[in-house]
Amino acid sequence: MSDYQMLINGKWVDAVSSEQFDDFNPYTGQVYATVAKGSESDAKLAMEAAFNARKAWAAVPPPERSAILFTAADLMEKQMMEFSQILIHEAGSTFGKSMFEISQTIDLLRTAAGDCKAVKGETFQTDSGKLSMTIRSPKGTVVGISPWNFPLILSMFKAAYAVGTGNTVVLKPASETPVIGLKIGKLFEEAGLMPGVLNVITGPGSVIGDALVESPYCSMVSLTGETATGMHVAQLAAKHGKDYHLELGGKNPLIILDDVDMEFAVNTAAFGAFLHQGQICIASGRIIFEGDRINEFGEKLAQKARQLPWGDPEKQDTVVGPLINDSQVARVDALVKDAVAKGAALLAGGTFEGRVYEPTVLLNVTPDMDIYYQETFGPVASIISVKDDQEALSVANDTEYGLSAGILTRDIYKAVTLAEQVQAGMVHINDSSIDADACCPFGGVKSSGKGREGGRYSIEEFTEVKWVTLQKGIKGYPF
Ligand code: NAD
């Protein structure tokens, strides 16, 4: 067990109150670390530090900012095992998921390094004949708030692109995963980032989060988290005239049409439902199956689920590790029990040991069951039967969310038509709903968020566009 301090203005500090909180290992239930418990006073100090550093950092030439991101990527590559251990012990990531997240994050850093060196403006042919153009400048001081499920990459989406485009940042990792957030602070410190540009503050989101967003020094907030948290932050940001960007929850459909190879359908559904124990905003939370082969599909998926190694995330072959905490286990179990009580067939799983919930398969899930609409965030494949592609589409859109979708079919015309009509920010044809790439627009519609992150979309979020004109010669005015 180790003690962790916060990073404010280039210094590692305790909370003003000297209070700490325990950070638990989700698998063992033991305390993994004790961490500084920040409050409003610490939020104020972090925002002041970021605000004071913003002019000097914005003046640093883009290639120099970009070089810091490249260095951070190289350092992370050398420290992969250290990052992996934190993700396993603090977030309950399996070894495989941790390495996947780390390599994606290294790619993100390098992609951001390239993108931020090449921030673009436009020129316009206007009637006046003036030289007319846009330039982009950093928004100022960005508050980045991240969740616990993919705590490294989701924090880095904010840190890398905001810092790379010349903003200063206060990063607030989730209370379940503070150490990975602090490790990001350390990484940038080692990469040579000037003090105050990236500050990392830990403690309860409800206290610190509000103080950060309400701070007069906050220019914008970028939050990834639950829809309820996002709506709260959006209201607060709007009240104080701050920009906001939100990546929120999902109940993502995986539509499987009846022409699909059975083995491919089973493997895709298993990956979509069980990766990281289903604790992914883009998990395939509703598997919408067309046609008569549904019982065979359910049985084969259950067979696969029963064979997946589950348990200790440190073992390299474990596929399904622990849920983040006891209340998540209770939530998932209640959703499964409610579905079974209302008529769903439990084909696999439905039990748990400690915080590890067995990979579970439910057949004949219907709208009266809580699991039909609620984000599960557990390793549960919920199969819904439909008669044709039109019913599949209406089931897919029967949700408050609109994050991601997967569509499996050999009929590309049908796939593209469904992709156009499904209400989601991302659609993956012949894949599960799980995909992310640093250079592509990640984000949702409806209650799943506002804005996009990745590549030029992150640059647009973290920079302000300014219209600049240049009059050539002396202009004549009407009076
Ligand atoms: P959460 O909303 O509980 O917490 C997210 C972050 O918000 C944490 O850092 C938390 O401390 C902070 N927070 C809590 N209350 C706050 C407040 N009043 N003001 C400001 N910040 C506050 O979410 P979580 O449980 O950490 O993560 C799981 C959720 O995140 C799921 O709903 C999942 O779908 C969503 N998620 C979305 C995406 C996406 O890209 N769309 C990605 C991953 C997770």
Side-chain angles (χ1 to χ4, degrees), residues 21 23 26 35 37-38 40 43 90-92 101 104 143-158 170-178 180-181 200-215 218 221-237 239-240 242 244-252 275-285 323-325 327-328 331-332 374-378 399-404 424-426 433-436 440-454 457-458 461:
F21 68 100
D23 176 21
V35 181
K37 187 176 178 185
E40 288 98 336
E90 179 180 63
E101 184 172 355
Q104 293 272 92
V143 170
I145 302 178
S146 53
W148 48 262
N149 62 337
F150 273 74
L152 176 61
I153 193 161
L154 296 174
S155 301
M156 196 61 90
F157 256 116
K158 303 178 191 321
V170 176
L171 177 67
K172 216 295 292 166
S175 296
E176 293 83 353
T177 50
I180 202 74
V200 186
I201 175 168
T202 48
S206 52
V207 177
I208 304 178
D210 283 13
L212 294 175
V213 177
E214 286 178 321
S215 163
C218 166
V221 55
S222 173
L223 175 137
T224 302
E226 279 181 28
T227 292
T229 313
M231 295 304 165
H232 168 78
V233 163
Q235 280 175 15
L236 208 57
K239 185 173 158 201
H240 294 275
K242 322 285 187 191
Y244 58 90
H245 157 249
L246 305 171
E247 298 286 347
L248 308 176
K251 186 74 187 175
N252 312 287
L275 179 66
H276 194 39
Q277 298 79 264
Q279 301 173 118
I280 311 184
C281 56
I282 47 177
S284 304
L323 296 182
I324 192 74
N325 53 36
S327 63
Q328 267 306 109
R331 236 190 108 256
V332 171
Q374 288 182 27
E375 196 177 27
T376 314
F377 251 54
T399 166
E400 66 166 304
Y401 297 110
L403 193 52
S404 185
M426 303 170 278
S433 51
I434 298 177
D435 199 4
C440 298
F442 191 97
V445 299
K446 294 159 78 178
S447 296
S448 288
K450 181 190 163 296
R452 298 288 184 274
E453 61 190 359
Y457 300 91
S458 285
E461 292 292 350

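Numbering starts at 1 and runs along the sequence shown. First listed ligand is number 1; within each ligand, the first listed atom is number 1.
- You'll find the side chain of H245 stays beyond 4.5 Å of the side chain of L223, heavy atoms only.
- Nearest to atom 6 (C) of ligand 1 by heavy atom, out of V207, I153, I145, is I145.
- In this structure, atom 34 (O) of ligand 1 lies nearest to the protein heavy atom E375 OE2, 2.4 Å.
- Residue-ligand proximity: G449 is placed with every non-hydrogen atom at 4.0 Å or more from ligand 1.
- Within the 4.0 Å heavy-atom criterion, the part of L248 lying near ligand 1 is the backbone and not the side chain.
- At the shortest separation from atom 33 (C) of ligand 1 among protein heavy atoms lies F377 CZ, 3.3 Å.
- The shortest N or O to N or O distance between E226 and ligand 1 is below 3.5 Å.
- Side-chain atoms of S222 and K158 form a donor-acceptor pair, as typed in the model, at a separation below 3.5 Å.
- Close to ligand 1: W148, with a non-hydrogen atom less than 4.0 angstrom away.
- Within the listing of ligand 1, atoms 42 (C), 43 (C) sit less than 4.0 angstrom from a heavy atom of L154.
- Where the criterion is an N or O separation shorter than 3.5 Å, residue side chain and backbone included, K172 meets it with respect to ligand 1.
- For I280, no nitrogen or oxygen atom sits less than 3.5 Å from a nitrogen or oxygen atom of ligand 1, counting backbone and side chain alike.
- Taking only nitrogen or oxygen atoms, main chain and side chain alike, S146 reaches within less than 3.5 Å of ligand 1.
- Side chain to side chain, T227 and S447 fail the donor-acceptor criterion of an N or O pair below 3.5 Å.
- Looking at P173 against ligand 1, only its backbone comes within 4.0 Å, counting heavy atoms.
- Inside a 4.0 Å radius of atom 4 (O) of ligand 1 there is not any protein heavy atom.
- Side chain of Q328 to backbone of F377: a donor-acceptor contact under 3.5 angstrom is found.
- Ligand 1 has an N or O atom lying under 3.5 Å from an N or O atom of D210, backbone or side chain.
- Selection from S206, C281, G425 by nearest heavy atom to atom 39 (C) of ligand 1 gives C281.
- With a heavy-atom cut-off of 4.0 Å, P204 does not touch ligand 1 at all.
- Counting heavy atoms from C-beta outward, V221 and L246 have side chains that stay 4.5 Å or more apart.
- With rounding to the nearest 0.5 angstrom, the CD atom of Q279 is 9.5 Å from the CZ atom of F150.
- The G209 neighbourhood of ligand 1 comprises atoms 19 (N), 20 (C), 21 (N), with distances under 4.0 Å to a heavy atom of that residue.
- In terms of heavy-atom proximity, P178 sits nearest to F21 at CG-CZ, 3.9 Å.
- Contacts of T229 with ligand 1, taken as heavy-atom pairs under 4.0 Å, involve the side chain alone.
- Between S404 and I434 there is no side-chain heavy-atom pair separated by less than 4.5 Å.
- Listed by number with element, the atoms of ligand 1 under 4.0 angstrom from any heavy atom of A174 are 8 (C), 9 (O).
- Near P147, meaning under 4.0 Å from any of its heavy atoms, are these atoms of ligand 1: 24 (P), 26 (O), 27 (O), 43 (C), 44 (C).
- S433 places a side-chain N or O within 3.5 Å of a backbone atom of S284 that can act as its donor or acceptor partner.
- By the criterion of a heavy-atom distance under 4.0 Å, the side chain of H232, and not its backbone, is placed next to ligand 1.
- Here the side chain of K242 pairs no donor or acceptor atom with the backbone of L236 at under 3.5 angstrom.
- Of all the heavy atoms of F442, the ones lying under 4.0 Å from any atom of ligand 1 belong exclusively to the side chain.
- K37 and S175 share no donor-acceptor pair across their side chains, judged by distance under 3.5 Å alone.
- N252 contributes a side-chain N or O that, together with a main-chain N or O of C281, makes up a donor-acceptor pair within less than 3.5 Å.
- Counted by atom type alone, E247 and T224 present zero donor-acceptor pairs between their side chains at under 3.5 Å.
- Within ligand 1, the atoms closer than 4.0 Å to a non-hydrogen atom of N149 are 43 (C), 44 (C), numbered from 1 in the order shown.
- Ligand 1 places these atoms under 4.0 Å from at least one heavy atom of V233: 19 (N), 20 (C).
- At a threshold of 4.5 Å between non-hydrogen side-chain atoms, the residues V332 and Q277 do not count as touching.
- The shortest distance between side-chain heavy atoms of I282 and F442 falls below 4.5 Å.
- Counting only heavy atoms from C-beta outward, the side chains of D23 and E90 approach each other to under 4.5 Å.
- The proximity of L403 to ligand 1, defined as any non-hydrogen pair under 4.0 Å, is limited to the side chain.
- When hydrogens are left out, the protein atom nearest atom 17 (C) of ligand 1 is G205 O, 3.4 Å; that is the closest non-hydrogen contact.
- Neither the backbone nor the side chain of L236 comes within contact range of ligand 1; no heavy atom lies under 4.0 Å.
- The protein heavy-atom contact nearest to atom 35 (C) of ligand 1 is G225 O, 3.2 Å.
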